[in-house]
There are 2 protein chains.
Amino acid sequence: MVTIKDVAEEAGVSIATVSSVINDSRPVAQATREKVLKVINEMGYKTNPVARALKVGNTKRILYIVPSIKNLVFAQFINQVQHSLIKKGYDLILLNNEARVDLTKSYLSIIHSSNIDGLIMTQTRSCGKLIVESCQQKKIPFVILFEPDIFKEESMVTSDEKTGMDQAVEYLISQGHHKIALLKVADSRNQNKRFHFFKEKLAESGLEFNNDWLITTAGHDEKAAYTAVTNYLQDKKPEFTALIGCNDFLTLGAIRAFRKYKLKIPAEISLIGYDDSIAEYLYPALTTVGLPKKKLAKKSVEILLNKIKQPDYQAEQNKFSQQLIIRDSVANLKKAK
Amino acid sequence: MVTIKDVAEEAGVSIATVSSVINDSRPVAQATREKVLKVINEMGYKTNPVARALKVGNTKRILYIVPSIKNLVFAQFINQVQHSLIKKGYDLILLNNEARVDLTKSYLSIIHSSNIDGLIMTQTRSCGKLIVESCQQKKIPFVILFEPDIFKEESMVTSDEKTGMDQAVEYLISQGHHKIALLKVADSRNQNKRFHFFKEKLAESGLEFNNDWLITTAGHDEKAAYTAVTNYLQDKKPEFTALIGCNDFLTLGAIRAFRKYKLKIPAEISLIGYDDSIAEYLYPALTTVGLPKKKLAKKSVEILLNKIKQPDYQAEQNKFSQQLIIRDSVANLKKAK
DNA sequence: CTGTTAGCGCATTCAC
DNA sequence: GTGAATGCGCTAACAG
């Protein structure tokens, strides 16, 4: 490995000078600078980030902790976060805690071992809480990316659930749907919020909310949703003409359940998903509420880097609106008549 | 931050002793050890990995460079690699080069800056070559995970393409298919290999290979496949009864194209995919050739860590067999008659 | 404008 | 069994 010392010797200057030209930390004579640059180039010198980190105290690495990677949304988030980070010269360290509390606990030491400059998390409530408390205690800068607002006083970047739900319901109404069901995970804080805005929007639109049209699932994936909807359909025929699933996977589970009961999609049941993760791959291509992933990722990185720079940086909270993406899973009842 | 010095002072011993009990690097009196351990615990001391890295020369970080993250297969690989790494005490740094040569080149400096102990890559030929050459030059331990065997002399872990294709073709034949088409990316080395085994298996099975039944695409995604298959169908009706797509996304593109031409799936056209990425989410659920992702990831990590430990570790090549996953996209022609 | 030096936190050799 | 001292590669304060 070629070190700064090697370069200094070869160039006939001191290591301080080499450091100066590398970091532009103080004026260097043009001739000297060129000489050093030339030697650096010739010897293929790269500054050792580990040594630099030890000296300067930062590692230029951000940990991103996600609850899953099987769900494509998180892969999409990871992608955006990594892109934003690399533009700023930071590396992304990835940690997947599977939304499991036990795993999270055992990973806490990784977080604490001061080998990261900051942390971005997209998490469930219980695991998120664990991480947030740890970071607070150890004074590790962090930002919550797309998490229900549990920690009002912390920096977080979320999407505006109201805009998405409003658009979804409005769209369904515009297509002639008046009986709308909702499918959500039983104990998800974020999805409860969607549920809240759902009811609110129905009321605003003069539509009744039927408690019978709320289907809850035990988990976040399509299997849980399939089970829930299948159970639902065993008892009764659906009176609703449309269903909004609180993520694309739930909606997929619903699609399968409806198919099992020979209900035509979208002719008999229209569907809307959330997240725009697998929506485009489904059949029919799923109309879904898209998340502003790029904006969310970019902003969270921006805030985090600010917090790293200024430890007293004021907690900042940002919301970005969601956008309904119209595809083929909603039938136009008006046209049909 | 609490340092080893703080611990030493508090415990009334030297830092050398503290270091000894942490690393078990030399005998320590039981009483001293307990005392030190107690203080470490009380003060919440964690050894600073950056300082450790500077001293010892390793960073306990592995870079995993993938060509995409939009394609779910890579997310699945990332997941497995991260799990394997963390078990061994290594962190995963993620880099996504989008399979772009320009991006790869600009990322090369990240690779070279000696802040990683090793590298795992899942790459296309052109980008892979760039990275391999860099690593060889800089003597960075690396292993190729699931890459067509370009570098015969390097460590790599691949899956056995023959087993998968054999199973796929055999299965199709068992369901009464004799006219089988193949859909692949035009210039993908790995897919050319699949094509090779495809022809080989057809010949073995006494089936003709019709050059007309090879459809090639310009890209790896469903859009490229949709375009290619649509163009194909514009000219002629498909004579084949089944098509194998060289990845699930290509196959999805084909499905859409067939649908456009009102061909029923699987009744009129049966389909098989590759990778088991989005296969299970499609409709009909796609029969596909699954990759042994977990085994691949685990083995590649194992080899890499060996290479890191022993610089002269002999290049090792491993193959794991693929497994056909039967779902609903292949019709049984025999039964139909 | 440039060189000398201290020290980031740790592991390790050499003494005792 | 234990401590003092050295240095990993680098940046920044201090001198000139």
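Side chains are part of it too, since the values below use all heavy atoms of this structure and drop only hydrogens, waters and symmetry mates.
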Practice prompt. Would you kindly give the CG-to-P distance between B/Asp24 and D/dT2, to the nearest whole Å?
Written response: 13 Å
Worksheet entry | Flag if over 12 foreign heavy atoms under 6.0 Å of NZ, A/Lys293 | yes
Response to the item:
One should read off an interatomic distance between B/Glu133 CD and B/Phe151 CZ, to the nearest 0.5 angstrom, of 6.0 Å
Worksheet entry | Carboxylate-amine/guanidinium proximity below 4.0 Å for A/Glu316 and A/Lys307 | no
Worksheet item: How would you list, by chain and number, every residue that makes a side-chain hydrogen bond (donor to acceptor under 3.5 Å, both in side chains) with A/Gln310, sequence neighbours excluded?
Response: none
Discussion item. Surrounding NZ of B/Lys138 (heavy atoms of other residues, nucleotides or ligands, distance under 6.0 Å), is the total greater than 12?
Written reply: yes
Fill in: Start and end of the DNA chain C segment that chain A contacts, any atom under 4.0 Å from a heavy atom
C/dC1 to C/dG9
Discussion item. Given 3.5 Å as the limit, does a donor-acceptor pair link the side chain of B/Asp117 with the main chain of B/Ile62, or not?
Written reply: no
Worksheet item: Just checking, is any N or O donor in the side chain of A/Asn97 or A/Tyr107 under 3.5 Å from an acceptor N or O on the other one?
Response: no
Discussion item. Each nucleotide in nucleotides 11-16 of chain D should get exactly one letter: B, S or -. Can you fill that in based on protein heavy atoms under 4.0 Å?
Written reply: BBBB--
Practice prompt. Could you list by number each residue of residues 27-40 of chain B showing a heavy-atom separation from DNA chain D of less than 4.0 Å, or answer none if no residue does?
Written response: B/Pro27, B/Val28, B/Ala29, B/Thr32
Worksheet entry | Atom pair distance, as rounded to whole Å: CG in B/Leu54 and C1' in D/dC10 | 8 Å
Using residues 28-39 of chain A as the side-chain source, report each donor-acceptor pair under 3.5 Å to any protein atom, sequence neighbours left out, with the distance given to one decimal.
unit_1: A/Gln30; atom_1: NE2; unit_2: A/Glu34; atom_2: OE2; d: 3.0
unit_1: A/Arg33; atom_1: NH2; unit_2: A/Asp24; atom_2: OD1; d: 3.0
unit_1: A/Lys38; atom_1: NZ; unit_2: A/Glu42; atom_2: OE2; d: 3.3

Worksheet entry | With sequence neighbours excluded, residues passing side-chain contact (heavy atoms from CB on, under 4.5 Å) with B/Ser14 | B/Ala16, B/Thr17
Worksheet item: More 5' along DNA chain D: B/Thr17 or B/Ala51, using each one's nearest nucleotide?
Response: B/Thr17
Discussion item. Would you say NZ of B/Lys298 has more than 12 non-hydrogen atoms from neighbouring residues, nucleotides or ligands within 6.0 angstrom?
Written reply: no
